[in-house]
Protein chains: 2
Amino acid sequence: MPSPKIARPSSRPVRSAPLQAASLRQTRRAHATETAEDYVEAIADLALAMGEARVVDLARRLGVTHVTVNHTLARLQRAGYLSALPYRAIFLTPHGQRLAKICQQRHEVVVAFLQALGVPPKIAERDAEGIEHHVSPRTLAAFARHLAQ
Amino acid sequence: MPSPKIARPSSRPVRSAPLQAASLRQTRRAHATETAEDYVEAIADLALAMGEARVVDLARRLGVTHVTVNHTLARLQRAGYLSALPYRAIFLTPHGQRLAKICQQRHEVVVAFLQALGVPPKIAERDAEGIEHHVSPRTLAAFARHLAQ
DNA sequence: TCTGTAATGTAGCTAAGGCTACATTATGGA
DNA sequence: TCCATAATGTAGCCTTAGCTACATTACAGA
Ligand SMILES: [Mn+2]
Ligand SMILES: [Mn+2]
Ligand SMILES: [Mn+2]
Ligand SMILES: [Mn+2]
């Protein structure tokens, strides 16, 4: 063992090790589902806007190459979020549709909330794309409450 | 080419493909620096609380094994955030200290802001751990403004 | 009907960030 | 002084998520 372990001389609010560890675990868990959330949301958006979701459109919207899209779609199909046949459009399963709806709504609330705080629209959109995945139901409710004045 | 590309029959606010792609790129960029931010913040906290930061303490606080800590520390050392010698404590470089200070302050603002909205402390802490990395300067300023009433 | 080309798919690479299992070192206390 | 053991380090594995380069397919229009 190194040595002292004396009490901290600090004044800053120091989170306990267990709470911080739990928080970081939760953040990593959120990142693990983040890709699924963004993909199903984009697929639902495209289906609504253009009738169907194709790989190129997804690649354009997600800012990645079509190779990355293909690779990820295979994983999401294995996970049961969507179905796809070679050279055909992509369709959400009921499971994927449920997730998409939740994500669309949460996305809108986060963007609206940031804009209500005075954040410019494009910056609000940018920040929301990351923030949304770390907003718990309680926090989302607080955002909605604030929006309703 | 598939076919129609007819105008969308929707009413939902649909973000443009370029804006959404840019937002997602920014989110991925944030995730790339997120580990560095959490590590230097934890190292600064530990240095203050216990005089020095050791691998076991970091592992406990970050909720990962000491192997993961070692691996990541090697990368962060290469990136110039910290210095470490085998079997010795870890120290932040001036570069790392600068980043740590920014992250500590931002973290506190985000937590305080969520709590001010009525989010319970532990949930605020949990969500903040993820949200903080996606809060732009403009949004952080908006949070601070709201805190100052 | 045929075909040029856009869309889609595949092979194979990189890096980050996790892990278990095992090896090595440092040191507090007997 | 010396050693048990906690701390630290290393080897090697996995998954996700990017990429380039190249192969294949589908289909709109000539
Ligand atoms: Mn997102
Ligand atoms: Mn979104
Ligand atoms: Mn964090
Ligand atoms: Mn994130």
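Within every chain, numbering begins at 1; the chains are lettered A, B, ... in the order of the sequence lines, protein sequences first and strands thereafter.
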From CG of A/L76 over to P of D/dT15, roughly how many Å is that when rounded to an integer? 16 Å

Carboxylate-amine/guanidinium contact A/R15 B/D45, below 4.0 Å: yes

Once you round it to whole Å, what is the distance between P of D/dT8 and OH of B/Y87? 9 Å

Would you kindly give the CZ-to-P distance between B/R54 and D/dG9, to the nearest whole Å? 8 Å

Ignoring hydrogens and geometry beyond distance, is a side-chain donor-acceptor pair present between A/R126 and B/Q26 at under 3.5 Å? no

Over how many whole Å does the gap from B/D57 atom CG to D/dA6 atom P extend? 15 Å

When rounded to whole Å, the CZ to P distance for the pair A/R60 and C/dA6 reads 12 Å

Scan the side chains in residues 85-97 of chain A for donor-acceptor partners under 3.5 Å anywhere in the protein, sequence neighbours excluded, and list what turns up.
unit_1	atom_1	unit_2	atom_2	d
A/T93	OG1	A/G80	O	2.7
A/T93	OG1	A/Y81	O	3.1
A/T93	OG1	A/H95	N	3.4
A/T93	OG1	A/G96	N	3.1
A/Q97	NE2	A/L92	O	3.3

Residue B/V55, side-chain heavy atoms: nucleotide from D/dT24, D/dC27, D/dT8 that is nearest: D/dT8

If only side-chain N and O atoms count, and only distance matters, is there a donor-acceptor pair under 3.5 Å linking B/H31 with A/H31? yes

Ignoring backbone atoms, establish whether A/N70 has a side-chain N or O less than 4.0 Å from OP1 or OP2 of C/dT8. no

Check which hydrophobic residues are tied to B/I131 through side-chain heavy-atom contacts below 4.5 Å, counting indirect links as well, and list them. A/V109, A/V110, A/F113, A/L114, A/L117, A/V119, A/I123, A/I131, A/V135, A/L140, A/F143, A/L147, B/V109, B/V110, B/F113, B/L114, B/L117, B/V119, B/I123, B/V135, B/L140, B/F143, B/L147

Assign each of B/R88 and A/A89 the nucleotide of DNA chain C bearing its closest heavy atom; nearer the 5' end lies the nucleotide of A/A89

Can you name the atoms? Protein N/O to nucleotides 15-19 of chain C N/O, anything below 3.5 Å, with the distance.
unit_1	atom_1	unit_2	atom_2	d
C/dG17	OP1	B/T35	OG1	2.6
C/dG17	OP2	B/R75	NE	3.0
C/dG17	OP2	B/R75	NH2	2.3
C/dC19	OP2	B/T65	N	3.1
C/dC19	OP2	B/T65	OG1	3.1
C/dC19	OP2	B/T68	OG1	2.7

Output the rounded distance in Å from CG (B/L85) to C1' (D/dA7). 16 Å

Determine, step by step, whether A/K101 and A/R98 satisfy the side-chain contact (heavy atoms from CB on, under 4.5 Å) criterion, reporting the C-alpha distance in whole Å, the side-chain angles of both residues, the deciding distance to 0.1 Å, and the verdict. CA-CA 5 Å; A/K101 174 151 288 181; A/R98 254 193 312 280; over 6 Å; no

Grab the CZ-C1' distance between B/R29 and D/dA17 for me, whole Å please. 16 Å

